[in-house]
Amino acid sequence: MNLGTLLFYFAKNFNLNFPKNRFDMVENLVIVESPAKAKTIEKFLGKDFLVKSSFGHIRDLEKKDFGIDIKNNFTPKYIVSTDKKKVVTELKKLAKEAKTVWIASDEDREGEAIAWHLFEVLKLKKENTKRIVFHEITKPAILKAIENPRDIDDNLVNAQQARRILDRLVGFEISPVLWKKVKPQLSAGRVQSVSVRLLVEREREIIAFKPEAYYKVVANFFITEENGNQKTLKAEYPKRFATKEEVLQFLESCKNAEYKVSDIEKKPSTRKPAAPFTTSTLQQEASRKLGFSVAQTMAVAQRLYEAGNITYMRTDSVNLADTALAAAKEEITKRHGEEYVKIRKYQTKNKGAQEAHEAIRPTYLNKEVISGESNEIRLYNLIWKRTIASQMSDAKLEKTNIKIAASTNGEEFIATGEMIKFDGFLKVYMESTDDENGKQEETLLPTVKVNDPVTEDFLNATQNFTYRPPRFTEASLVKKLEELGIGRPSTYAPTITTVQNRGYVVKESRDGVERKYEVVNLKENNISEEVKTQITGAEKRKLFPTDIGMVVTDFLNEHFPNVMNYNFTADVEKEFDDIALGKLIWHEMIGKFYNPFHENVEKTLEHSERSTGERILGEDPKTGKVILVRIGRYGPMAQLGETPEDKEAEAPKFASLRPGQHLETITLEEAIDLFKLPRDLGLYEDKKVVVAIGRFGPYVRHDGKFASLKKDIDDPMEIDLPRAIELIEEKRKKDREKFIKAFDEDPDLQILNGRWGPYISYKKENFRLAKDIEDPKALSFEDCMKIIKEGPKKKTTKKAASKKTTAKKTVTKKKTTTTKKKTTTTKKAKK
DNA sequence: CAGTGAGCGAGCTTCCGCTTGACTT
């Protein structure tokens with residue numbers, strides 16, 4: 001070790017641990033939940049306080065035997081989570097040395113439980129342990145908290161234990177029922193199952209929806225203002241027509257009409273700014289305005305939080321600290337003037353809210369722009385605007401209706417416009433809506449008086465269709481869950497991931513379909529008709545329930561209606577509140593739920609049928625055999641012929657459903673088509689060419705080799721022999737190019753061309769070539785062996801882990817997808 | 001990488017909430 005490294009080593013340790021851990025005994029140890037919070041608080045408290053974090057919960061129920069002694073008043077068995085052992089050891093040591101331990105976990109049910117677990121696990125003593133709480137990370141709030149310590153609230157802790165145990169019981173008792181009755185590896189839970197139910201019910205409403213046509217009439221007028229300016233005025237006829245006959249009749253009655261302004265109405269109105277962000281509203285707005293997924297929003301917000309730019313991002317509170325209110329007032333006054341300031345205290349409307357934190361806001365409101373990655377800048381900007389706007393004056397608007405009457409039939413058209421009299425908060429921020437069609441635009445109306453004449457330009461009646469209920473986006477599902485009081489800020493994003501991982505839900509974009517609509521015009525007393533086309537039903541990044549999601553939901557609805565009830569969470573929350581108040585004993589509450597629940601589980605296991613979502617579509621016209629669809633071992637499938645009782649009989653034929661086909665909507669004709677494959681196309685080079693659909697989509701097979709059909713270009717039902725030969729030849733060419741070099745020294749060693757460029761293949765392991773290698777053909781045998789030896793060491797352990805039995809295949813698959821996700825986030829972080 | 005859908009049985013899966021840390025096909 002040279003002098004430089006020694007000095008560095010010394011300096012590093014001196015700064016971090018030296019004064020507090022080694023020489024001076026720690027006077028005060030403060031434990032919070034989040035490390036970023038610890039850093040901030042340490043600054044406020046000064047030298048006598050060491051602030052550490054528990055990284056959330058440190059213990060959880062054991063997984064074996066539910067971690068609950070059911071027969072013994074549901075006594076929980078907790079164990080320190082493996083990833084928390086290190087933290088616990090460190091905290092234990094520090095707590096032993098400290099004179100006073102301050103437990104400053106959040107002031108809510110979970111926070112109180114964390115405090116209690118810490119007390120138990122760290123073997124703290126009552127005399128020198130103090131429980132403190134604060135809702136905002138400001139110096140006055142922290143100092144005030146230190147002055148007002150209290151004891152751990154056992155009732156609140158019990159409420160949390162009841163919550164935890166209930167969730168474990170529900171999840172771990174119902175999931176195994178699904179493994180037996182539907183499919184292994186499935187899951188059910190108080191939150192996830194209801195989330196899927198929302199999607200399933202909405203999907204069925206959409207399937208059942210029949211659009212109804214109606215006609216809307218719009219008129220375009222010319223008008224000359226007093227100063228001589230000619231303006232156009234667009235007005236709508238307030239009534240809708242159901243049929244074209246009525247439209248024609250109405251337009252006929254408008255022929256030769258003269259028009260004049262018959263009435264002007266002016267209505268003042270005000271608009272208020274939206275409350276500061278909570279987790280759920282941030283996710284919604286970031287989705288609407290920035291196109292973020294909820295997970296993405298949380299990841300970006302986490303980075304902003306860790307950099308000290310915003311307050312905590314998992315919160316259900318709309319409250320702002322007084323210091324923030326004062327800063328907002330100052331900022332707004334400075335930027336826009338005093339008349340734009342209106343300090344407001346918002347109150348949460350959500351019943352389940354626990355409000356342990358502040359709303360999400362910039363730490364320093366005078367910082368309008370931060371430095372960082374582009375998504376961080378954008379999200380911060382959104383938070384800054386929303387926070388500032390929340391403390392600004394109402395916008396004052398004036399809504400104007402101008403009515404225009406036709407001389408022939410006395411009917412009136414209405415032109416509406418909105419004028420902003422005072423912009424107020426609109427100067428900074430405008431909340432978006434989920435409404436897909438209703439994009440309103442500010443329209444400025446011309447200046448007119450009653451009885452002013454107007455001239456007709458044209459009238460047109462456009463055929464419209466009633467719109468089906470919208471599908472959920474991630475963010476709108478979160479909004480709905482929050483309204484129902486289901487889930488917490490820390491679980492919204494993970495819940496959406498879970499239901500997708502279980503295969504209950506997919507997030508997809510789907511193309512719309514063309515639809516024709518009619519337009520009837522009246523211009524210069526001539527009625528003409530035209531037919532136009534529009535695209536309808538297109539979806540962008542929406543959540544769709546899968547067939548398995550639907551089957552599981554139906555099964556759970558039938559057998560566990562109590563848990564699937566949208567009010568279940570709200571109802572048990574009331575009881576948790578009573579436990580927290582000391583009015584109810586937690587294990588009695590759990591017992592009351594559990595006994596009938598468990599009986600139901602047993603009954604279901606014993607008596608209920610296996611659930612496959614089977615639907616009989618009809619008969620195959622060729623063979624007369626039944627055609628049905630159901631969920632099979634490998635997913636949704638169609639079956640031709642009964643499952644035979646005795647083994648002598650002819651076995652049924654099977655075919656997987658194609659992407660986009662669903663158990664509930666597939667027609668008999670579509671199912672019959674599925675059995676038209678495999679198709680024999682003929683001979684090529686004296687060998688059969690067959691087209692079929694496999695696990696990876698449609699393909700042609702020839703001479704033992706496979707070539708995929710081109711997506712969106714080739715149709716397995718239509719493809720002919722010449723095209724198939726084209727694909728086979730293309731595949732052959734690709735295979736030839738794949739091979740770069742082999743070696744006489746060792747036949748196991750090859751250089752190949754892959755999807756990610758050239759790579760070395762050696763005994764079934766692949767090694768990437770460094771980017772600076774220009775000509776892989778020039779590599780010698782020794783060069784390759786060197787690359788193999790220097791290849792990533794960790795990889796071997798990874799490989800070993802994934803080389804388990806085939807039964808584990810799905811598990812390893814899941815693992816690789818999560819690691820993929822992780823790498824993309826780290827990549828982003830680096831940028 | 002490519003036509004699976006039977007049945008047996010071992011051993012596994014699974015919940016919600018609180019936090020952050022990770023390593024390459």
Side-chain angles (χ1 to χ4, degrees), chain A residues 32-37 53-61 63 66-67 81 83-84 87 105-106 108-111 113-114 117 160 163-179 183-193 302 306 314 356 486-491 494-495 498 502 569 612 630-635 637-639 643-644 647 651-656 677-678 690 692-701 705-708 754-756 759 766-768 791-792 794-795 798 805 807-808 810-811 814 816 818-823 825-827 829:
Chain A
V32 296
E33 292 180 36
S34 147
K37 200 169 169 181
S53 97
S54 74
F55 293 81
H57 274 294
I58 53 162
R59 284 204 297 187
D60 192 14
L61 295 173
K63 290 214 171 179
F66 289 31
S81 325
D83 56 330
K84 297 295 166 54
V87 183
S105 48
D106 296 345
D108 57 16
R109 204 162 60 202
E110 298 297 326
I114 289 173
H117 282 298
Q160 192 274 348
R163 198 279 306 154
R164 180 68 193 89
I165 288 164
L166 178 93
D167 283 337
R168 170 58 65 84
L169 289 171
V170 168
F172 276 37
E173 292 232 348
I174 301 183
S175 298
V177 179
L178 293 178
W179 304 342
K183 213 178 137 183
Q185 249 120 37
L186 295 178
S187 65
R190 175 175 57 82
V191 173
Q192 58 169 282
S193 297
Q302 176 87 27
E306 282 169 8
R314 289 184 277 263
I486 297 169
R488 305 276 315 126
S490 67
T491 62
T495 299
T498 301
R502 297 278 170 274
T569 293
T612 64
R630 64 181 171 93
I631 299 221
R633 271 219 297 170
Y634 304 97
M637 57 173 238
Q639 180 178 333
T643 315
K647 284 171 189 168
K653 275 187 166 178
F654 303 104
S656 293
L677 292 174
V690 175
I693 294 172
R695 195 147 134 51
F696 303 97
Y699 64 92
V700 283
R701 195 180 59 210
K705 291 224 164 73
F706 298 87
S708 291
R755 192 133 73 99
W756 299 285
Y759 66 99
N766 296 336
F767 300 86
R768 198 159 83 164
K794 279 162 201 163
K795 205 178 170 185
K798 253 264 146 119
T805 53
K808 284 241 162 180
T810 47
V811 179
K814 206 163 55 191
T816 48
T818 46
T819 38
K820 252 183 207 166
K821 236 182 254 164
K822 278 168 190 171
T823 42
T825 47
T826 34
K827 259 180 206 161

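Throughout, protein chains are lettered first and strands after them, A, B, ... in sequence-line order, and every chain is numbered starting at 1. Small disclaimer: the values here were computed from a predicted structure and weren't measured.
Whole-Å rounding puts the A:I58 CD1 to B:dC18 C1' distance at 11 Å. Atom CH2 in A:W179 sits roughly 19 Å away from atom P in B:dG9 (whole-Å rounding). As a whole-Å value, the separation of A:R630 CZ from B:dT4 P is 13 Å. In this structure, NE2 of A:H117 is placed 11 Å from C1' of B:dC18, rounded to the nearest angstrom. To the nearest angstrom, P of B:dA2 lies 7 Å from CZ of A:F706. B:dC18 atom C1' lies 9 Å from atom CD of A:Q160, rounded to whole Å. The interatomic distance linking A:R109 (CZ) with B:dT19 (C1') rounds to 18 Å, in whole Å. One interatomic measurement links the two molecules: CG of A:D167 to C1' of B:dC15, which rounds to 6 Å at whole-angstrom precision.
If you check distances only, the side chain of A:S656 does reach the base of B:dG5 with a donor-acceptor pair under 3.5 Å.
For A:R314, the listed nucleotide lying nearest its side chain is B:dT20; candidates were B:dG5, B:dT20, B:dG17. You'll find that the side chain of A:D106 is closest to B:dC18, out of B:dA2, B:dC18, B:dT20. The side chain of A:S187 lies closest to B:dC15, out of B:dT19, B:dT13, B:dC15. Of the listed nucleotides (B:dG21, B:dT14, B:dC16), B:dG21 has the atom at the smallest distance from the side chain of A:E306. Ranking B:dC18, B:dT20, B:dT14 by closeness to the A:S175 side chain, first place goes to B:dT14. For A:K63, whose side chain is taken as the heavy atoms from C-beta onward, the closest listed nucleotide among B:dG3, B:dC18, B:dT14 is B:dT14. Here B:dC16 is the nucleotide among B:dT14, B:dT20, B:dC16 with the atom lying nearest to any side-chain atom of A:V191. In this structure, the nucleotide among B:dT19, B:dC15, B:dA6 sitting nearest to the side chain of A:R633 is B:dA6. Across B:dA2, B:dC12, B:dT20, the shortest atom-to-atom separation from the side chain of A:S708 is found for B:dA2. Taking only side-chain atoms of A:R163, from C-beta outward, the nucleotide of B:dC18, B:dT4, B:dC16 with the closest atom is B:dC16.
Using a 4.0 Å heavy-atom distance criterion, A:R164 is classed as a base contact. Heavy atoms of A:L186 sit under 4.0 angstrom from primed sugar atoms or phosphate atoms, though from no base atom. Within the 4.0 angstrom heavy-atom criterion, base atoms lie near A:G56. In this structure, A:G487 reaches the sugar-phosphate backbone alone: every heavy-atom distance under 4.0 Å involves primed, P, OP1 or OP2 atoms, never a base. In this structure, A:D83 reaches neither bases nor backbone, as no heavy-atom distance under 4.0 Å exists between it and the strands shown. If you check every strand for non-hydrogen atoms under 4.0 Å, A:P35 touches sugar and phosphate atoms only. A:A188 comes within contact range of the sugar-phosphate backbone alone, with a heavy-atom separation under 4.0 Å but no base atom that close. Within the 4.0 angstrom heavy-atom criterion, base atoms lie near A:G635. Using a 4.0 Å heavy-atom criterion, one finds that A:S53 contacts no nucleic acid atom at all. Note on A:Q192: only backbone sugar-phosphate atoms sit closer than 4.0 angstrom, heavy atoms only; bases stay farther off.
A close approach under 4.0 Å does occur between a side-chain nitrogen or oxygen of A:T491 and OP1 or OP2 of B:dG17. Between A:R190 and B:dT14, a side-chain N or O to OP1/OP2 separation shorter than 4.0 Å is absent. For the pair A:R168 and B:dT14, the criterion of a side-chain N or O lying under 4.0 Å from OP1 or OP2 is not met.
A distance cut-off of 5.5 Å between ring centres, combined with a plane angle under 30°, leaves A:F55 outside any stacking arrangement with the base of B:dT19.
To the nearest 0.5 Å, atoms CZ (A:R168) and CZ (A:R190) are separated by 13.5 Å. From A:L178, atom CG reaches atom NZ of A:K183 across 11.5 Å, with rounding to the nearest 0.5 Å. A distance of 8.0 Å separates CG in A:D60 from NE2 in A:H117, rounded to the nearest 0.5 Å.
Annotation: side chain of A:H57 is not in contact with side chain of A:R164 (no heavy-atom distance under 4.5 Å). For the pair A:D167 and A:R163, the minimum side-chain heavy-atom distance is below 4.5 Å. Using a 4.5 Å heavy-atom threshold, the side chains of A:R630 and A:M637 count as touching. A:S187 has its side chain within reach of A:S175: a pair of non-hydrogen atoms, C-beta onward, lies under 4.5 Å apart.
Nearest-nucleotide mapping onto DNA chain B: of A:Q302 and A:S193, the residue sitting toward the 5' end is A:S193. Closest-nucleotide positions on DNA chain B for A:T498 and A:S34 were compared, and the one nearer the 5' end corresponds to A:T498.
Side-chain contact annotation: A:S490 with A:R314, donor-acceptor N/O pair under 3.5 Å absent.
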